[in-house]
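Below: one structure, written as structure tokens.
All values derive from a computational prediction rather than experimental measurement. Letters A, B, ... are given to chains in the order of the sequence lines, protein chains preceding strands, and every chain is numbered from 1.
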Amino acid sequence: MYSTERVRYLARNLARGTAADRDRRREWDEPLFKALTVPDTFGGELTAVQTCGLLAALAEGSHDPGLALAVTTSAVLTKHPLRTFGTPAQRERYLQDESLGGLSLQQTRGMAATVSVRADDAGWRLSGALDLVALGPKARYFLVLGEHDDGSRTAFVLDADTPGLRLEEIEPAALRTCPWGRVTLVDCQVSSDAVLGTVGGAAGEVEPLLTALDWVFTSAPWLGVLRALAEEALETVRTREVFGAPLAHSQAARFALADIAIQNELAAGLLDHAAAQFDGAALPSHQDAASARLFFGSAVRAVIDSAAQLAGPGGSELLERAHRDSLFFTSSGGGAEVLRPVIAGALLGLGGLK
Amino acid sequence: MYSTERVRYLARNLARGTAADRDRRREWDEPLFKALTVPDTFGGELTAVQTCGLLAALAEGSHDPGLALAVTTSAVLTKHPLRTFGTPAQRERYLQDESLGGLSLQQTRGMAATVSVRADDAGWRLSGALDLVALGPKARYFLVLGEHDDGSRTAFVLDADTPGLRLEEIEPAALRTCPWGRVTLVDCQVSSDAVLGTVGGAAGEVEPLLTALDWVFTSAPWLGVLRALAEEALETVRTREVFGAPLAHSQAARFALADIAIQNELAAGLLDHAAAQFDGAALPSHQDAASARLFFGSAVRAVIDSAAQLAGPGGSELLERAHRDSLFFTSSGGGAEVLRPVIAGALLGLGGLK
Amino acid sequence: MTTTFAGIASRATQTDATASVPVENWQELKESGYFGLFHPEHLGGSGADAATQVQAMEALGRACSGTYWTATVSALLCGNLIATYGDERHHHLVRALATGEKLAAFAIVETAAGSDASTYQTLVRRTGGGYTITGEKSRITNAPRADIAVTLARRERAAGDDGPEWCLAFVELDQPGVRRYEIPHMGLRAMPWGGIVYTDAHVDEANVIPVPFTELAEGMTWGWLLVSIAAVATAESALAASVRHASERVSFGRPLAHMEGVHAQLADSRAQIDAARVLALRAATERVAGNSAKDLIGMLKVYATEMAVEVTQRAVQIHGAFGVTEGHEVERHYRDAQMNVVGAFATNRLREQLAENLGLGPAVYRPFDWLTPSAAPESPPKATITTTPSWWIPYAGY
Amino acid sequence: MTTTFAGIASRATQTDATASVPVENWQELKESGYFGLFHPEHLGGSGADAATQVQAMEALGRACSGTYWTATVSALLCGNLIATYGDERHHHLVRALATGEKLAAFAIVETAAGSDASTYQTLVRRTGGGYTITGEKSRITNAPRADIAVTLARRERAAGDDGPEWCLAFVELDQPGVRRYEIPHMGLRAMPWGGIVYTDAHVDEANVIPVPFTELAEGMTWGWLLVSIAAVATAESALAASVRHASERVSFGRPLAHMEGVHAQLADSRAQIDAARVLALRAATERVAGNSAKDLIGMLKVYATEMAVEVTQRAVQIHGAFGVTEGHEVERHYRDAQMNVVGAFATNRLREQLAENLGLGPAVYRPFDWLTPSAAPESPPKATITTTPSWWIPYAGY
């Protein structure tokens, strides 16, 4: 049985010590990944709330948001849409073994479609390129959203060895312990078996699910990072001296610690609240998921900024990586420029948002 | 004759292209440093305001705050106290050639003294350690503040080859294009010729000067960085698309750019204002210098945060380094935890501050 | 209870303008059963669960924040203080508050320069037929109109009395030894606020309850909770007004509703209010279940009250000149929001307490002296550890 | 001029409470020569340099922000508008403002739903002996008390009149065709604010000045400057009060003056005010030297006004309950500060303008439609480039 305590303990002991090195060397440690991955069965064995708890514990223990993103991509972002919309054959083929799925994080976050789809006799032909494919180099299959001539979109699940599909490893600056790739599709032929959900129906099926999953579940590891930063900041304030007096005597430092604790408590509550909606009957409201994600972005920035002030010029290994990786987290397509219009649109009753 | 335009142009053409690489490899490029250094003669050939302008232009053109800090340390932080308090012999010895001086940035920023001084027959004996010595591995001499048994402090200028002085290269995470060292003094004997200013008088002479120099002149390169970031952000907004529409059409992006421009304008004004006081008769008020530095810290954080949001997940090379280096700038001993009490103390009439 | 207190809401502008809660509001509150939500049936209430309490509180806060403060300080805060520290002899008092028959005030803060209890002078003395109380309490919610004041006072202890130095005295205010005055205030104008001067006022023997100083903190967290929910309600009202305004207003052919700058303001407010509300429900649930939840409620108070100031400020910006015109609801929310920050415990005092509970030890006071920063490790700074518990720093009264 | 306007300062609380500038203030202002600072000697002024103007403005703003607004809108803003767009025939008007004999208002905003000029209706028509003006202006500083209003209006153009569509009309307000009303407002209460209804009111022929719409922007930046300096002054007063309070107040044996949390608030305020003041002096120096400095003043307006809100908020926090008690200066500063944000051009409107001048082109309006984000490059969004110049968005009047 998975427990957050066990995951945190394992992650701390197996992964934390090597996190900085793996990050520096962009090292993908498959046995470590397997030891720390979480079940992909939320809605079944685990609830969504529990799954978020495990992802947070994984990041908190490991100090490794990249590894946690890899786990999130595999266990949640790729598998949950398959579980929800997959045919029995697709579920049989992709969910029964431990093979990994890859997914472009641009496709979960409101970016314009970059893959075109046209029908042919044998099924469909896909062309285009996908950037920022998490787990790309390790994936056996990919979830891909393609756009038809009429502007409608269809979701596909493509085997990595599909002819015409080319994968190239890329090295983004952040989240370096997660393998990243770019997928190019050159007139890539797939049969109708590859369609996930309804033809032309992605905008009402896979897309909103992916978006909500991304907003909620990629936030979960950041709760773990926030907690790790809070722990480190507390230790800093306990031990550091400024002006010959313990930093713990400084009212400003005490206020900063209190605010970090408050941000973490608020973030944890919102995450639970948003995740719990996946355990309910319907898809979570975009507004709630986006609101949680928007809050996370601001909490992550605030806590890192504050922890950095407390740490002083030495900084810390965790702080530096979190600082860098948070840029990706808070400014990616799922950043404020997408989230704010979504939330405001829902408030104002625009664009069919709720 | 030095002009800001020329320095900016040279820095752009000589240093910007290699900045990322030199940063990655911690490379010290001495010819480059010499080509871009600014005269160490403010009060003479150049005013303090002009010197700040050159340092800003250097950082703006080069995209290299580490290199700019090296120049600031050499041309201003070490040379100006020598010019102000040095004996004719000291000025002759240390200011007439191009040899570099090193300085622990902890000693300019209110950290507790870590070097002890005791008198002996031949002069003085110094023991202790100095961390974060900018230009350490390249320096021919060091400015050192030492504390006597009675709590008073004296400034010294020590040759790098003084027996008992050991220099070790260190590799802090930030500002990697500046060489850094740790200096250890083990019962290091120096003659009275090494005293800079009055014995026991550093607290009223070299220390306040160093502090004010640090607050004002290490801020100057960050004005250049802010300008470079603003230029980059403008270009991003002009070219990036979100939701299939130019980012330039987004009101939020426009507001962000306006706020970046405002922060830069305010920072520039405050820097000029603080620097101008060095061109006056008396030492600048601690309050004004600290106030400028405090504002710079917050402007740097705000602009980087905002530029990162605009840049999106790709970020930029400059942004990443600025992000990392700014942690050092805003959280070092000269950070808010020192500046705020200094400013507030002056307002409240405490601690003899003005 | 699903009322939105429509009548009270319809009178909110007028209630604010006249700086007085109209009698119709009291009637509506009584009929709604609001006062009883916070107390079990045997004390005259309906024993609502936490979610119902929070929902009703937010609804009333949205309808009229001044009315909310007045009603909730009495029924929730004072009612719980009396129920917690009193006994069967005080059940009639709780019942009177739970039905809205009586109005109570919580009288702590005094006029003395210091805001710490060590400077407080109000004293309870034994006399022939009970006790008398003398002293002045100031900046107290409901003081000008309350029937009864839960009053913090020192006890004059006879030789051999080893009981606590402090007591809560439940003082009837309609008696000759009591004089009261009002203090005009920026926001929450309808909320009566002011001082109580006791001059040998009578207190029944049963109504003087010796209480160890430190224990009071628990009871007072009800107050932080009520302030926090006031803040959430004010923020939500300001956001709702902003959404309405943005939907209606057109500037240069560009509806405000379609501007990203406005989106950013609305979305940030939405996310922040959500975060506070989720925490409020968690904290209230813990609290109603009988747990302390002091830190959780403290965190909530800090965040929710400062958040609401930010949200109401955005609302003023979105409304432009309308938002600063008297009589416009946003102008009122803006003034109200700041009251919650300084009301009860000031937020910075709560931060101190949170830091202490994170394991940093009590606050340490060291006189500022920047010019001698280099204290050697062997000569530690002359720090004074404050002896008064740091939770006890009511900046403004309830 | 080194006066601190001590008399005006001593009456500030009362002036705010009565929502009216007392006659003694006018007398003190006249005697000080304040009104004349902004105009050359041949127009009745003393032609002060920029530093003197800024210093005097800040001093008056610190003494009483309501009085400052009233006096400075008249002498600086209206005086410069008349001097710039009028000619020799209007020198007597400038002189009357430069000596404080007359009070002027700048009447732009109307009651119509839109805040853009395209919705404005006020019309100037030629009649036998000059012109008449009809229409309603609202949310105008000094409207209830001014002698003359510099009024933006449309011109009824006869066939063949190719002149500008707009004009400035210098309208005498003491005449039968003019009705005025007051609008109560949150801050700057002493400042008269309200509406002017023109019903075929008379305007002398010389006092109708056709002006191209775009050109007015330059004149209006005087208004942004005066608002910015009001903000700096209010912030400085709030900081000064905070320093005094922190110096006097002891909490738990810990003087506020020795608390790092208080230091942080004071220091941040100091740095922010310094930044704004340095920019204000630069901007004013440019402006007085005859340069436009529009962007610089726009930046100043955005920063200084929002900064002052932050600073006054910190002041309220430091003061606790004192800071929300009516009659305490900090309570007044808090209300006043927000007025500067929405007054003149709202800060977000200025941000739009600044972005445009950074080279982003005019604001583009695209209806929000999140569900069809994937517009292909060959089908660009149906964007509308707004035709009205984007600087022209007065949210609230002067």
Compare every heavy atom of B/L348 with every heavy atom of D/A246, then report the nearest pair and how far apart it is. CB-CD2, 4.1 Å
Between D/E352 and B/R254, does any NZ, NE, NH1 or NH2 come within less than 4.0 Å of an OD or OE carboxylate oxygen? yes
Check each atom of D/R270 against the heavy atoms of chain B and say whether the ones under 4.5 Å are side chain, backbone, both or neither. both
Kindly indicate whether the side chain of B/L257, heavy atoms from C-beta on, has any atom under 4.5 Å from the side chain of D/R351. no
The reported gap from CZ in B/R238 to CG in D/L358 (rounded to nearest 0.5 angstrom) is 8.5 Å
Apply side-chain contact (heavy atoms from CB on, under 4.5 Å) to residues B/E265 and D/Y303 and explain how you reach the verdict. CA-CA 11 Å; B/E265 204 62 51; D/Y303 182 77; over 6 Å; no
Over all heavy atoms of both residues, which pair between D/A355 and B/A258 is shortest? Give the atoms and the distance, please. N-CB, 4.4 Å
Minimum heavy-atom separation for B/S291 and D/A271, please, with both atom names. OG-CA, 3.2 Å
Do D/V302 and B/D259 have side-chain heavy atoms sitting under 4.5 Å apart? yes
Residue part contacting chain B, namely of D/D295, when any heavy atom lies under 4.5 Å: neither
Identify the two heavy atoms, one from D/M299 and one from B/A261, that lie closest to each other, and give their separation to 0.1 Å. CE-CB, 3.8 Å
Counting heavy-atom pairs under 4.5 Å to chain B, which of D/A276, D/G359, D/A264, D/G298 comes out on top? D/A264
Atom group of D/L281 that falls short of 4.5 Å from chain B, counting heavy atoms: neither
Please state whether the side chain, the backbone, both or neither of D/L279 comes within less than 4.5 Å of a heavy atom of chain B. side chain
Any idea which of D/L354, D/L266, D/L360 has the most non-hydrogen atom pairs under 4.5 angstrom with chain B? D/L360
So which of D/N357, D/L300, D/D274 has the biggest tally of heavy-atom pairs under 4.5 Å with chain B? D/D274
Nearest-0.5 Å distance that lies between atom CD1 in D/I273 and atom CZ in B/F295: 12.0 Å
Minimal heavy-atom distance between B/H273 and D/V278, with the atoms involved, is CG-CG2, 3.8 Å
Rounded to the nearest 0.5 Å, how far apart are CG of B/L350 and OG of D/S247? 7.0 Å
Over all heavy atoms of both residues, which pair between B/L266 and D/A275 is shortest? Give the atoms and the distance, please. CD2-O, 3.4 Å
